[in-house]
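It should be emphasised that the depicted structure is a prediction, and the values quoted were computed from it without experimental measurement.
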Amino acid sequence: MQQEKRKHIRYSGKCIFDLLEISVSRPGIREFLKLSPTVQCLDFSLSGLQISSDQHFYIGQKLIIDFLLRDIELIEISAVVITCNEGEPGKFSVGSRFCFSSPRMQDPIVKHALLQIEARCKAADEFPILNVK
C-alpha cells in the first residue's frame, strides 16, 4: 500500500463549493491575451488546491490565483500545476501547489490569510449548519 504524501488536510465539499470563490490566470503577456479559464475549487489545503477547469493546463505551468471567502480576500497567489487530467470531454481536474519560495508568499499576511481560509473550511466541514450565505 502506498503511503500518503500529504502533510496538510484537504477540505472539500459544501464549504468549498458554497463559500470559496477563486479565479485563476496565467502570468505573462502571451497568457494575458488568452481567455481566463472558468474554474471551481474542488478541494483546498495549506499547500495547494484542486480545481475543475474548462481549459487544459500543462504540468509545471505557473498560475496566479485569487481567493475570496466572505471577508477574506487574497490576491496574486503563486502556484504551479502538478497534475491535469481530463475527466469528461472539455472538463479538466487540475492539481496545483502553492509556490512558497516566491517573495509574495513569504509575506506573513498571505500565510495568515491561507490559515484563515483553512480554519473556515474546517469549521464548515465540522458545522455545516452554520454555512448559510
Self-check item: Test item: Ser96 side-chain N/O and Gly48 main-chain N/O as donor-acceptor pair under 3.5 Å
Solution: no
Self-check item: Joint hydrophobic cluster, Val94 plus Ile59, side-chain heavy atoms closer than 4.5 Å
Solution: no
Quiz prompt | Where Phe100 and Ser47 come nearest, the two heavy atoms and their spacing | solution = CE1-CA, 4.3 Å
Quiz item: Between CG of Asp71 and CD of Gln116, what distance do you get to the nearest 0.5 Å?
Solution: 7.5 Å
Quiz item: Are Met105 and Leu115 connected in the hydrophobic side-chain network, where two residues link if heavy atoms are under 4.5 Å apart?
Solution: yes
Quiz item: Between the main-chain N or O of Glu76 and the side-chain N or O of Asp66, is there a donor-acceptor pair closer than 3.5 Å?
Solution: yes
Quiz item: Atom CD1 in Ile22, atom CG in Leu69: separation rounded to 0.5 Å?
Solution: 12.0 Å
Quiz item: Can Ile75 and Arg104 be said to form a side chain to side chain contact (heavy atoms under 4.5 Å, CB included), step by step?
Solution: CA-CA 10 Å; Ile75 58 170; Arg104 169 107 171 93; 4.0 Å; yes
Self-check item: Minimal non-hydrogen separation, Ser78 against Ser102, with atom names
Solution: OG-OG, 3.6 Å
Practice problem: Hey, could you give me the CD/CG distance between Gln40 and Leu20, rounded to the nearest 0.5 Å? | Solution: 10.0 Å
Quiz item: Shortest non-hydrogen contact from Cys84 to His56?
Solution: SG-CD2, 3.6 Å
Quiz item: From Gln106 CD over to Ser101 OG, what is the distance, rounded to the nearest 0.5 angstrom?
Solution: 7.5 Å
Exercise. Would you check if the side chain of Thr38 reaches a backbone N or O of Asp54 as a donor-acceptor pair within less than 3.5 Å?
Key: no
Quiz item: About how many Å separate OG of Ser23 and CD1 of Ile51, when rounded to the nearest 0.5 Å?
Solution: 10.0 Å
Quiz prompt | Minimum side-chain heavy-atom gap Phe98-Leu49 below 4.5 Å | solution = yes
Quiz item: Are Ile77 and Leu46 in one and the same hydrophobic cluster, where Ile, Leu, Val, Met, Phe, Trp and Tyr link if side-chain heavy atoms are under 4.5 Å apart?
Solution: yes
Quiz item: Would a 4.5 Å heavy-atom cut-off, applied to side chains only, mark Val81 and Arg26 as touching?
Solution: no
Practice problem: Say whether Leu74 and Val24 are linked into one hydrophobic cluster, either directly or through other cluster members, by side-chain heavy-atom distances under 4.5 angstrom. | Solution: yes
Quiz item: Tell me, do Ile72 and Phe67 make a side-chain contact under 4.5 Å, heavy atoms counted?
Solution: no
Self-check item: Result of checking Glu86, Glu88, Gln50 against Ser93 for side-chain hydrogen bond (donor to acceptor under 3.5 Å, both in side chains)
Solution: Gln50
Quiz item: Given side chains that start at C-beta, do those of Phe44 and Leu114 come closer than 4.5 Å, heavy atoms only?
Solution: yes
Self-check item: Same cluster (ILVMFWY, side-chain, under 4.5 Å), Val80 and Ile65
Solution: no
